[in-house]
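Counting begins at 1 with the first residue of the sequence. Counting starts at 1 for both ligands and their atoms, following the listed order.
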Amino acid sequence: MPILVMKFGGTSVATLDRIRRAAKRVGREVANGYDVIVIVSAMSGETNKLVGYVEETSPLFDAREYDAVVSSGENVTAGLMALTLQEMDVPARSWQGWQVPLKTTSAHASARIEEIQTGNITAKFAEGMKVAVVAGFQGISPEGRITTLGRGGSDTTAVAFAAAFGAERCDIYTDVDGVYTTDPRITSKARKLDRIAFEEMLELASLGAKVLQTRSVELAMRYNVRLRVLSSFEDNDENAGTLVCSEEDIVESNVVAGVAYSRDEAKMTLVSVADRPGIAAAIFGPLAEAGVNVDMIVQNIAEEGRTDMTFSCPTDQVKRAEKAMTDAQERGEINFHDLVADTDVCKVSIVGIGMRSHAGVAAKMFSTLRDEGINIKVITTSEIKVSVLVDRKYMELAVQSLHDAFGLERAA
Ligand code: ASP
Ligand code: MG
C-alpha cells in the first residue's frame with residue numbers, strides 16, 4: 001500500500017469535535033487506498049501550559065524533566081485520535097516516540113532526529129492496521145530519556161516519517177489554508193502562494209512565519225519530500241494549500257516571495273568590550289554553550305581599543321544570555337562596561353530567490369521604511385533575504401508597507 005503522512009497541528013485537534021473531523025479526513029485517505037501515518041500535536045494551548053508549569057516550578061530547569069513534562073500533550077491527542085478512528089471502524093493504534101522508536105540526540109528541548117526504525121509500524125500495517133497515530137514532537141535519547149524536538153517539532157516528526165517510510169506525500173493540516181506572502185492578520189492583501197521553493201520556505205520559517213518548523217523544511221529539502229500545507233477547516237481539492245517544492249518546479253515568481261516578522265527578538269548590546277583578536281570567540285562561545293541562538297551580530301567600529309558588540313536572540317533566552325556574559329566576565333574572559341537588553345524590538349524580513357538575480361532590492365526596502373519614518377537598528381542580509389530590527393511598535397506598518405512596495409498582492 002502507498003503510505004501517506006498526515007500531520008494535524010494543535011488547532012486541528014483542539015477539541016474532541018475537531019479530532020473527529022481530522023479523523024474523518026484520515027478515514028477518507030484510508031478509503032482512497034493509503035496506509036496512513038498520522039502525526040499529532042498537542043491540543044492548542046496545551047504545550048504552552050505545560051511549559052508554564054515547568055518554568056514556574058524551576059526557572060533554570062533540568063531540560064530532561066522539561067521534556068518529560070511538555071511531551072505529554074502529544075500523548076493525549078495520539079491516544080484520543082486512535083480511539084476516534086477505532087470508533088469509526090478504522091483499525092488504528094497510537095505510538096509514542098519511544099515506542100516507534102524515534103531515536104534522537106540527547107540535546108533535550110531541541111533534540112535532533114537520528115533514526116526512525118520503521119519495522120514495528122510496518123509489521124502492524126502488514127497485519128491489517130490502517131493508521132499509525134504517532135505522537136509528534138518527541139523521541140528517545142541514547143540514554144533512554146524522553147526528548148522533544150523544539151517548539152513546533154511535530155512538523156519535523158511528520159517530514160522525518162515521510163522520508164523514512166518513503167511516503168507519497170506529507171500533508172500538514174493547520175489553521176491556515178497555505179503559506180501566505182505575509183501574515184494575513186497583518187494585512188488583508190496577503191495572498192496565498194500555490195507553490196514556494198524549499199529555500200524560500202526555509203527562510204520564511206526561520207524568520208518567524210510560524211506555519212512550519214524550520215527543521216522540517218530542511219529535512220524535506222534534503223530528502224525531497226513533497227510537502228503540502230493545507231487547512232483542516234476547509235474541503236480541500238487536489239490543488240489545495242501550498243506545495244513546498246524545489247526551485248525547478250516553480251515557473252514564475254515575484255522577486256520577493258514574502259515578508260516575515262518575528263516579535264520574539266531581543267537586541268543585546270555589550271557596551272565597551274576590548275577590541276582584540278578573539279573577542280568575538282570569547283563572547284559567542286559561551287553564548288553557544290549556554291544554548292543561546294544568536295541571530296544577528298553587529299560589531300561597531302572601535303574607538304581607543306574598545307567597541308560595542310550587538311547581537312539578537314529570542315526574547316526567552318535573554319536571561320540565559322545575560323548569565324553567560326556575566327559568568328564570562330567573572331571568569332575574566334571578557335570585560336564589558338554594561339549589558340543592555342532591548343526587548344522592545346522586532347525583526348522584519350523580505351525573502352525571495354529572485355533576489356539573486358535582481359539588484360536594488362535592499363535599497364528599495366530601506367527607502368520604503370524611510371518613507372514611513374521607521375528607524376532601522378540592525379541590518380543583516382543573505383543571498384535571498386534582507387532582515388532589519390525595528391521598534392516593535394512599527395512592526396505592522398513595516399510589514400504592510402513592504403508588502404505594498406514589492407507588489408506582493410499580485411502573482412507574478
Ligand atoms: N506541541 C508542540 C508545540 O506546541 C509541538 C508541535 O505542536 O509541533 O510546540
Ligand atoms: Mg506548528
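Look at G73 and you'll find every heavy atom at least 4.0 Å from all atoms of ligand 1. Contact annotation: G153 has at least one heavy atom less than 4.0 Å from an atom of ligand 1.
More than 12 non-hydrogen atoms from other residues, nucleotides or ligands lie less than 6.0 angstrom from CE of M88. Within a 6.0 Å sphere centred on CD of E87, heavy atoms belonging to other residues, nucleotides or ligands number 12 at most. When the shell of 6.0 Å around CZ of R93 is examined, it contains more than 12 heavy atoms from other residues, nucleotides or ligands. Counting non-hydrogen atoms of other residues, nucleotides and ligands closer than 6.0 Å to CZ of R145 gives a total above 12.
Of all the listed residues (Q213, E74, Q138), E74 holds the heavy atom that lies closest to atom 2 (C) of ligand 1.
Among residue pairs with one or both ends in residues 67-77, those qualifying as side chain to side chain donor-acceptor pair (under 3.5 Å) are D67-H108, D67-T148, N75-Q138; sequence neighbours excluded.
Between F137 and ligand 1, no N or O atom pair is found at a separation short of 3.5 Å.
Protein heavy atom nearest atom 7 (O) of ligand 1, with residue, atom name and distance: S41 OG, 2.8 Å. Taking atom 6 (C) of ligand 1 as the reference point, the nearest protein heavy-atom neighbour is S154 OG, 3.3 Å. Closest protein heavy atom to atom 4 (O) of ligand 1: R151 NH2, 2.9 Å.
K192 places a side-chain N or O within donor-acceptor distance of the main-chain N or O of G241, the cut-off being under 3.5 Å.
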